[in-house]
Each structure stands twice: as C-alpha cells, then as structure tokens.
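Below is one structure, written out as structure tokens; the observations come after it.
Values below: every heavy atom of this structure, side chains too, minus hydrogens, waters and symmetry copies.
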Amino acid sequence: MLGFVLSSIAITAAMGAGAGARLALWDFRQGFRILNWSAYFGIAGSALSLVGAILGRPGKGRGGFLLGGAWLVLGPIAFGVPGNWYRIAKRVPMIHDITTDTENPPTFVAILALRNDAPNTAIYGGPEIAAKQHAAYPDILPLVSDIPPTQAYERARFVARQMCWKIVDENQVEGRIEATTTTRWFGFTDDVVIRIAPSAAIGSRVDIRSVSRVGLSDVGTNARRIRTFLKKFAEASMKVG
C-alpha cells in the first residue's frame, strides 16, 4: 500500500510539473525541482511495490501481489521520464540556438520585440556554438532545392503552418518567415526564422534557425524541430514536383 501511495504521488507530480509551469502556477525551475522529487518518489514506490509483490506472491498467504505488481510496472514511469531527459541532456551540448547556416545565421526582425524579457539573447554565439553544433548535429545543413524561391517560400510557409507554428511575420521580398512555437510539456516558447534565397539559376536555398528563449540547454529540441521541418519541406517539394 505504501508503494502504491508513493508511486501515485510520483506520477501525479511528474504530470503536474509541466502543467503547473504552463499555467504559470510556478516557473520552469520549480517545475524541474518537482520533476526531480517525482523521480525519487517513483524509485521509492517501485522498490516498496517490489517488496510487496514478493511478500504477497501466491502461496504465501498474504494479499497485495497484484497491487504491488501493478505499481511495480507503473512506478518506473515517474522516474523514467525525467531520467530520460537527463540522459539526453548529458548526451547533447549545452546550447539552445541551432541553425542550418552557422556562418551567416538567419536573423530575427519582428520577433525581437517579443524577446525583450527573454533570458537568452537572439544574437548568435559565434564559432564556439557553431563547433558544438557541428559536433553534435552534423546533419543540420542547408536545404538546396531545384524549385524557384517564390515556390520555396510558399512551401516553407505551408510546412510552418502544418507544424502548428504561430506565424509572427512574413516578408516574401526578403524571403523571411518568423514564427513561434511552444513545447508540449512545459510550454517553453521557442522562436524560428526561415530564410529563402536564390541558389544557382532557378533553384533556392532554405535555411532555418530555431532558438529557445530560456534554458542553457534545449535537450535537443531545436535540432529535432529543424530536422522535422526540413524533412516535411523535402517531402512536400517532391509531391509538388
């Protein structure tokens, strides 16, 4: 029963850590602390559930085997989620600004006013950040397409909306699209800028940059977002072709 109680607290806390941050009941740092404690409760609940399942196993004349077994399965969820986060965080670099062009990153214009209170700057970190990105995400590269820039711009805008990003500004003359997006769990706001430029005779080059407003590390979120965008863009372009 004690294992059941601790595991229940752990799962509730793990689910509520991000929800409370999204609802502004506490900031994300407090949410991470709650997530840490949910992991500890999950470990303790799982351990006690294991003991309960062993003591209550069939043939021992005690109850609680099914209850202990059930929470032995569910309890690890509470420490498995934050544990996976920390595993990824240790594997990826402590950066939160990812771009397909590290020498001349796409720049924000309209979104700058929305980042006035953001702890993270929109100014690119330079060669040091670029080196860390290339080492961790060597596949994050510009997308060169054989479709003309005007068509590439429309395709980029379509994909951005398909990914449920909130378009902040569109400037087809400059080939720039700016948007914001929110992470699912903690509700972090990240900013995205897409740049479409001519390439060769009739083709186009697509660059994209995704930047977190808070946090030293994005735990790989911006890289995954860029990969998804480039994949959807390429697939959509093939369909059009």
Side-chain angles (χ1 to χ4, degrees), residues 92-93 95-115 118 120-184 188-213 217-241:
V92 300
I95 56 177
H96 53 264
D97 189 343
I98 307 296
T99 176
T100 54
D101 188 347
T102 56
E103 295 184 2
N104 181 29
T107 56
F108 294 100
V109 179
I111 278 180
L112 290 178
L114 304 178
R115 295 181 60 97
N120 294 339
T121 179
I123 300 174
Y124 189 67
E128 181 181 357
I129 299 300
K132 290 181 179 180
Q133 176 186 312
H134 291 314
Y137 313 116
D139 60 311
I140 301 294
L141 299 170
L143 188 152
V144 178
S145 174
D146 59 358
I147 62 176
T150 53
Q151 186 177 344
Y153 185 91
E154 293 300 325
R155 187 58 49 190
R157 181 166 56 181
F158 169 79
V159 173
R161 290 174 175 169
Q162 186 183 46
M163 295 180 67
C164 298
W165 296 349
K166 181 180 179 181
I167 305 296
V168 175
D169 188 43
E170 301 177 8
N171 191 318
Q172 188 165 1
V173 175
E174 297 180 5
R176 174 172 43 81
I177 300 172
E178 296 181 67
T180 64
T181 181
T182 304
T183 60
R184 292 181 181 179
F188 293 125
T189 298
D190 297 337
D191 299 310
V192 181
V193 55
I194 304 166
R195 182 180 65 202
I196 310 296
S199 176
I202 60 171
S204 55
R205 166 173 164 158
V206 181
D207 282 294
I208 177 172
R209 180 183 175 195
S210 184
V211 186
S212 303
R213 294 188 185 183
S217 173
D218 62 8
V219 198
T221 299
N222 289 304
R224 288 192 296 272
R225 180 178 298 124
I226 289 176
R227 288 191 185 109
T228 301
F229 173 86
L230 295 177
K231 179 180 179 182
K232 288 181 177 291
F233 184 95
E235 291 173 347
S237 296
M238 286 189 291
K239 291 178 182 177
V240 171

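- In this structure, Ile98 and Asp218 have side chains that are in contact, with non-hydrogen atoms separated by less than 4.5 Å.
- Environment of CG in Leu141: crowded, with over 12 heavy atoms of neighbouring residues, nucleotides or ligands closer than 6.0 Å.
- Separation of atoms OG1 (Thr102) and CZ (Arg209) is listed at 11.0 Å; rounding is to 0.5 Å.
- Scanning for side chain to side chain contact (heavy atoms under 4.5 Å, CB included) contacts around Pro198 gives Pro149, with sequence neighbours left out.
- Without hydrogens or angle criteria, Arg213 side chain to Ala118 main chain gives no donor-acceptor distance under 3.5 Å.
- Partners of Thr150 by side chain to side chain contact (heavy atoms under 4.5 Å, CB included), not counting sequence neighbours, listed by chain and number: Pro148, Gln172.
- For Arg227, the side chain to side chain contact (heavy atoms under 4.5 Å, CB included) criterion is met by Tyr137, Asp139, Ile140, Ala223, Arg224, not counting sequence neighbours.
- When side chains are defined from C-beta on, Glu178 counts as touching Val193, because their heavy atoms get closer than 4.5 Å.
- The two residues Phe233 and Ser145 make their nearest non-hydrogen contact at CE2-CB, 4.5 Å.
- Between Asn120 and Ser212, the closest heavy-atom pair is ND2-O, 3.1 Å.
- Atom OG of Ser199 sits about 10.0 Å away from atom CG of Asp146, to the nearest 0.5 Å.
- When side chains are defined from C-beta on, Val211 does not count as touching Tyr124, because their heavy atoms never get closer than 4.5 Å.
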Worksheet item: When you look at His96 and Asp190, which way does the side-chain contact (heavy atoms from CB on, under 4.5 Å) test go after all the steps?
Response: CA-CA 9 Å; His96 53 264; Asp190 297 337; over 6 Å; no
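- For the pair Thr100 and Arg195, the minimum side-chain heavy-atom distance is 4.5 Å or more.
- One distance of note links CD1 of Ile208 with CD1 of Ile177; it measures 9.5 Å at 0.5 Å rounding.
- Of the inter-residue distances, the one linking Met163 atom CE with Thr181 atom OG1 reads 7.0 Å to the nearest 0.5 angstrom.
- Between Asp207 and Arg205, at least one side-chain N (NZ, or NE/NH1/NH2) sits under 4.0 Å from a carboxylate O, which counts as a salt bridge.
- Looking at Ile147 and Ser204, their side chains come closer than 4.5 Å, going by heavy atoms from C-beta outward.
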Going by atom type alone, with no hydrogens or angles, which donor-acceptor pairs under 3.5 Å involve a side-chain atom of residues 125-132 and a protein atom two or more places apart or on another chain?
none

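- Sorted by first and then second residue, the ring pair (Phe, Tyr, Trp, His ring centres under 6.0 Å) pairs involving residues 146-172 (not counting sequence neighbours) are Trp165-Phe229.
- Taking 4.0 Å as the cut-off between side-chain N and carboxylate O, Arg161 and Glu170 count as a salt-bridged pair.
- Ile111 places none of its side-chain heavy atoms less than 4.5 Å from the side chain of Asp169.
- Summarising the geometry, atom OG1 belonging to Thr221 is positioned 11.5 Å from atom CD1 belonging to Ile226; distances are rounded to the nearest 0.5 Å.
- Counting heavy atoms from C-beta outward, Arg176 and Thr107 have side chains that stay 4.5 Å or more apart.
- Residues Thr180 and Thr182 are not in side-chain contact: their nearest non-hydrogen atoms beyond the backbone lie 4.5 Å or more apart.
- Residues meeting the side chain to side chain donor-acceptor pair (under 3.5 Å) test with Ser210, sequence neighbours left out: Asn222, Arg225.
- Between Lys232 and Glu235 there is no salt bridge, since no side-chain nitrogen of the basic residue lies less than 4.0 Å from a carboxylate oxygen of the acidic one.
- In this structure, Ile194 CD1 and Arg155 CZ are separated by 13.0 Å, a value rounded to the nearest 0.5 Å.
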